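Only heavy atoms go into these numbers, but all of them, side chains included; no hydrogens, no water, no symmetry mates. Here is the naming used below: chain letters follow the sequence lines, and residue numbers restart at 1 for every chain. Because the structure is predicted, anything quoted here is derived from the model rather than measured.
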Amino acid sequence: MKKKIQWGKFSKPMILVAFVIILTILRPDSFPTLGNISNVLWSVSVYGIMVCGTIFVFLVGGIDLSIGSLCGLSAVVIVKTIHAFGDTEGGVAAGIMAALLVGALAGVIHGFVITKFKVPAFLVTFATSSIFLGLSMVLTNNKIISCLGPDLFTAIGMMKILGFPIPIYVMLIIAIVSWFVLRKTPFGRYMYAIGGNPAAARLSGINDTGLTFLAYIFSGISTALGGIVLASMTQQCMASTGSGYETEVITAAVIGGVSLLGGEGTVPGAIFGAVIIGLLNNGLNLMSVPSTEHGLVKGIVIIAAVAFDALQHQDQAKKGFSFFSFGKSKKTA
Amino acid sequence: MKQTTVRHLISLGMLLVLIVMFSILSPYFLSPDNLLEVARDASVVGIIGVGVTYVIITAGIDLSTGSAMALVGMTMANIYAYTVWPIWIMLVFGILVGLLAGLFNGFVVARLHLPEFIATLATMGIYRALTYAIAIRDAGGVIQSQAMTDSGFTALGGAAGPVYLVTIALIAAIVIGQIVLKYTRFGTNLYAVGASQKAAALSGINIAKVRILAYVVTGFCVAVGAIFTTARLQSTTALLGDGFEFDPIAAAVVGGVALSGGSGDIVGTLIGALFMAALDNGVLKLHMNTAYQYIIKGIILILVVMFDAWYKGRMEKAAQEKGVKEAAAENE
Amino acid sequence: MSEKGETILEAKEIFKAFSGVPVLQGVHFDVRKGEVHALMGENGAGKSTLIKIITGVYSKDRGSIFWEGKEVEINSYKDCQRLGIACIYQELSVIPPLTVAQNVYLGREPKKGGLIDYKKMNEMTAELIARYDFPLKPETIVANLGIGQRQLIEILKGLSCNSRLLIMDEPTASLSGKEAESLFSIINTLRKNGVSIIYISHRLEEVYRLADRLTVLRDGKNAAVLDQADIQPLRVIELMIGKTVDESAGSSKQMRVSKNEVRLDVRGLTDETGRFRDISFTAHKGEILGFGGLIGAGRTELVRAIYGIDKFKSGEVYLDGKKLNPSPKRSIKAGFGFVPEDRRQQGFIPLLSIEKNVALTNYDIVKRNGAAISDASELAMCKEAIKKIDIRPADPEKAVGLLSGGNQQKVVLGKWLMRDLKVLIIDEPTAGIDVGAKNEIYELLESLAKQGVTVLLVSSDLQELIRVSHRILVMRKGSIVKEFDKETVTQAMVLAAAQGLEESKEAAS
């Protein structure tokens, strides 16, 4: 068998390049400017940081609808903590710890209820999403709380190294860690196995409930990290910080080839999805489509991507089924 | 019917505990005026809850009801602002948009085979975006809240005697909803599809049709809910129904409609809707931060699903043990 | 109107092949009015294909079907309903949250003024129930009923559309003894009422009790049609197996039956739900120990418990004299491998590549570069597996879901071969696999045994069981009832033991 050229491998970079070219042609004055590109990178980095953790949940076949409000809650927690410590650098450290802890705790709650009680993940995270939003509202008293210092805090979101803002580096680091875990460790392989066929995974000695639990904790932590970066970038927080981010992250994931049915997807793919979402949002803004109407595009993208995915799964299941049920098989000799 | 009754009693018990608690904390809570207000607030949730209950009985979910409400409201606002058509035509268009939104949900779920929560999460975004796209703007392009003050329309938001019209509509919705569920083939098919799609297909039921129809009914209920809401507010905004999808789902779950499908009924959802409204009202009357509504509702939703999961597990275990005992008795 | 004894259904010269492999070769089958006609045959004899042709699920290649003397074409469920044929599926199609009456009339509810007329529906159901004397009430919610009663609802459903021919496929497979008894008495009532029944079963004792006539299929052909008087268990077994079975095929290969040290020692294993009770046996190093028995005898449940997927209530498992506390993880560590019965549901991860499926249980032995899995080592392992058991296509990147059944099974098996295996448990290893791959798997098991691996083989394919096993334990209703040596065993002996016939020894001679 001769190797065919795998166009599939190049399709993602090509889409990306096409996107950039189209936007450059459509908005030659505003798109290819340093300021705009750096804007895109900022927003990409927040989605990217989050999707690197939530991909674990998607891989085991779960979902996290609380991403947006948990992101908001962690932003509120870090800002409130910094204020509580009198805007000191120690406060920033404490704030980061507190926000990450909140994220991890959210993951523990999700993991516990979902794996112990076998309650559908979407409902649990739908409910906690309401809880987190309520907590943010209580903590902020429904007001915008700004946080302009200390420098250490604003540096997280604003400082640039070699021309790139720090969040990009944060995203790269967490992406590499997440990629390494998923691609290079047994632990990562087990995630794919659980999402692909939980029964077979269990028979292979994989602790599926334990690992599913962990996936939700990762998701919580990465979401909190996204919230920290977002708070620093905007130098403020409010209850609605991060509102709607669950859709952004889920869209980024499905664009990047992560299956919401579980067992399929990669970190580079998810990051690619985040970049596309960033460009998409930016492009729509530059075309003067108000952000309130972006949901139309994203909704259609989600439906198209997941429907395509579902169709493929179905085909594969059918193919296997026919082999299995009739025992027909071509002679391989 | 025994298990259903037990579950209803549990929901009723929860409602009673809540009422007793609030009436101790706030003497005003039990006054007739306030109770009518609770009934009014429960009404829109309950009406939409009828549709959502149908969807959940088929083992589905609808996260798009809040956005669809806004879309219905904004459609009517456009007709109100830019045409001289009579009010009833405006209402017809509102209903039509609701039906279409439901139809689209059903199509994506049943024909494109998307998981329900993903499908309706996506359409939730789509309907909200469409609402903004057709939102009424001033000369500067700023989105305005559109007043709809025609007396024929706002009368819908009023009361007949002591009872709000919307509450009467709720009663009608509950009665019709329960009759359709229990006394028509469609209702029976909803349970069949929710309990086991495979078994339903073997019995010759057109599964896709039943699922789509459940979403269409929800769309209708959403439109009715939107009409009463905008009539009472005498206006609509692009933000109408933001976060509202939570309440009908929570009402159904509190009322014992199992997310795994195949069980529950409208009576349960009514109790659940009253519970949600009483909770909202109590938090307000106690002058607590409204944020607590979100927190308490979220916690209650989780606790109820956990309880139902635990209870179901216990029943199954008991049934299994019974089977083992019988088998053992046979071996003697 | 047809009289009792007249032929109601007749299938003549039915031929059917799947992608060139003949499954039915000129089968004749007829059912008379008011008779219970049993259909028996080994796995793969063509029973289910024949039934699926009669019920319109498959189309026949050649042959004709007559209903009350007239030739008919049956292409769908609707055609069956129109003629009056109802099939009681093993997988029940009742809806638990609905009542008995609602289930019986699902989709055909009587109406009054547009609404379902429950009064009439319940009356109609009550009437049906009374006519056949079923232990049911129209208004009971099905969720509260046992599996046996649910099956009766299926039968009622068939009867309510005036079906005159009921097809029952292994109806007692999941019933308790008491439930089965009540089913038998209902079958007798139905027969008295002129309803014909096609009764498919592996269980001779049931067929012996119930059937007016019996058709035995073997290799897609009629082996015999017996009248009630001629239904003798041993004769039926002979017919099912055929006299031309090549008994020497297995024993000619002079396998040294391992009398090495005991590797696996199972003592008094009993599970919580009584699916197996007080199971004790030992298996030696390098021995292939076969488990025979009918479906539902508890073999799968037993091996699952030994491996540690399901919990058992009491008893002990010892490996090389050390007591185990089985769980899949611990069992794998101790040297177990497990190939499950249902490959697609439990065997492999369809979306993952051959490479990753093979490596899934072996990350303790795949080399590492620091914390990272060595891709080279993983690939080498996969290539070794591909070479060792000839997986096709030999492409490590290929998703296992896209392979043929035989190659999927090789992948499932292959991952265990990469380990230092002590015990391999393999359940129905060749179900739905073509002949070529079958033989490869047999050879593989034999070579594993030669290397000292103990193999526990569960198989419902008697030929396979006898060919591959060194020793055979036969289970029946959750207990081990017989033990056979390879040298002396025949298919008839295993089948007789599985059926609970005492004269199994005589059958051999």
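Neither the backbone nor the side chain of Ile109(A) comes within contact range of chain B; no heavy atoms are under 4.5 Å apart. Only the side chain of Leu259(B) comes within less than 4.5 Å of a heavy atom in chain A; its backbone stays farther off. Proximity to chain B involves both the backbone and the side chain of Val306(A), based on heavy atoms less than 4.5 angstrom apart. Interface remark: Ile296(B) contributes no atoms to any contact with chain A (heavy atom separation under 4.5 Å). For Val305(B), the parts lying under 4.5 angstrom from a heavy atom of chain A are both the backbone and the side chain. Both the backbone and the side chain of Phe246(B) come within contact range of chain A, with heavy atoms under 4.5 Å apart. For chain A, the nearby part of Phe104(B) is the side chain; its heavy atoms alone come within less than 4.5 Å. The parts of Leu135(A) that come within reach of chain B are both its backbone and its side chain, each placing non-hydrogen atoms under 4.5 angstrom from that chain. Neither the backbone nor the side chain of Ile300(B) has a heavy atom closer than 4.5 Å to any heavy atom of chain A.
Of the inter-residue distances, the one linking Asp242(B) atom CG with Ser243(A) atom OG reads 7.0 Å to the nearest 0.5 angstrom. To the nearest 0.5 Å, atoms OG1 (Thr128(A)) and CD1 (Ile295(B)) are separated by 12.5 Å. Put simply, CE on Met124(B) and CD1 on Ile302(A) are 10.5 Å apart, with the number rounded to the nearest 0.5 Å.
When side chains are defined from C-beta on, Leu114(B) does not count as touching Leu260(A), because their heavy atoms never get closer than 4.5 Å. Looking at heavy atoms from C-beta onward, Ile118(B) lies in side-chain contact with Ile63(A) at the 4.5 angstrom threshold.
The number of heavy atoms from other shown groups lying within 6.0 Å of OH (Tyr47(A)) is above 12. Heavy-atom neighbours of Phe307(B) CZ from other residues, nucleotides or ligands within 6.0 Å: above the threshold of 12.
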